[in-house]
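First listed ligand is number 1; within each ligand, the first listed atom is number 1. FYI, the numbering just counts along the sequence from 1. Because the structure is a prediction, the values reported are computed rather than measured.
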Amino acid sequence: MLIDQYNRVHNYLRISLTDNCNLRCFYCMPEEDYEFTKQASLMQADEIESLAKTFVRLGVNKIRLTGGEPLVRKDAADIILRLSKLPVKLTLTTNGTRLHEFVDLLEEAGVRSLNVSLDTLQAATFQHLTRRDQFQKVMDNIQLLINRNFHVKVNVVVMKGLNDGEINDFIAWTKDTPVHVRFIEFMPFSGNQWTSNQVFTWQQILQVVEQQYSFLPLKNEEHDTAKGYIVPGHTGTFSVISTMSAPFCSSCNRMRLTADGKMKNCLFAEKEMDLLAALRSGEDVTELIKQNIAAKAKELGGQFTADFEHINAETIHNRSMIGIGG
Ligand code: SAM
Ligand code: SF4
């Protein structure tokens, strides 16, 4: 088992399949031109499988594929099928644009729950945030997943002045649609123009919902990063993820593998462990994984505190979100 010095058991691995993407969300990609990682530097399908198996031997029982956009990778189907054979709960975070091509495969692979990112219910705002005209495709694909009985979580990054006015539109959507909306506080990453005054906190989100709806808390699972709620009578639910104003590091069970095979013990960790180079040179990867977990900081990668109003994003050393894998 992978237990760190704060007694946290790590059984959840998030694997980025690529840092490439067919959307251009400004909060995820750096402002300057971003060069996608070259094919040869990416973990290959057999290397992903091999590293995943090592993590499973060390106690991992949940794997999430992410990116960039995991479904733009040419061999995504092969990777999904390989990982589906492992004794883990396999899931995926996607921008939803390619789900229609993958829905049969996801069913075959036993994936039952997916996170789809959608920050707005308005086509024009979608175009503004992502710089691509794919709103209807994403909406259609969410409906397709619902029709096929997948559990659909919708990730909404809430940003002041951009989409905070749509919070109750999302709640209204949950009335007759079985979607589980997750409002996420805007986080700082390299090059994403983050400033604290753009953060719309979970308390502010709940205040907005309160103006129109009464709601009840849901029972949270042990490692849930989201605090869940339901409006009585609604088919779907909503939750808030308070990484910036109330981080949940004390129960963290997550590890990350970037598309170029570097292990990160925290989303905000500066130091990375190069597992891919070790694997390619025949080194003992297990030892490196253990070392990386032993070095995990108590909270937020040891780079800042929950006093987010005073963070200077320039002083945080990290990759862009698209290069980490969200
Ligand atoms: N392309 C896929 C997608 O968009 O779902 C997977 C990768 S994306 C990096 C994973 C998640 O990170 C998305 O839900 C996205 O909204 C979220 N994300 C990206 N940048 C963020 C930021 N600065 N703050 C909060 N969430 C962010
Ligand atoms: Fe692509 Fe997802 Fe990042 Fe948007 S959030 S640019 S869809 S990886």
Residue pair E49, K85: steps toward the salt bridge (charged side-chain N to carboxylate O under 4.0 Å, His left out) verdict: CA-CA 10 Å; E49 187 182 13; K85 311 244 164 28; over 6 Å; no
Worked check of salt bridge (charged side-chain N to carboxylate O under 4.0 Å, His left out) between D4 and R8: CA-CA 6 Å; D4 72 356; R8 296 174 292 198; 2.7 Å; yes
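Under 4.0 Å from any atom of ligand 1, one finds heavy atoms of residues Y27, C28, T66, G67, G68, E69, T93, T94, N95, S117, N155, V157, I184, E185, F186, M187, F189, N192, M321, G326.
Donor-acceptor pairing under 3.5 Å is lacking for the side chains of S16 and R256. Counting only N and O atoms by type, the side chains of K62 and T91 include no donor and acceptor under 3.5 Å apart. For the residue pair T94/E69, the side-chain donor-acceptor check at 3.5 Å is satisfied. Checking N95 against S117 by side-chain atom types alone, no donor-acceptor pair falls below 3.5 Å. Side-chain contact of N253 with H10: a donor-acceptor pair under 3.5 Å is absent, judged by distance alone.
To the nearest 0.5 Å, the span separating CZ on F102 from CD1 on I80 amounts to 6.0 Å.
Under the 6.0 Å cut-off for aromatic ring centres, F215 and F238 qualify, their centroids lying closer than that.
Around atom 4 (Fe) of ligand 2, protein atoms of type N, O or S found under 2.8 Å number 1.
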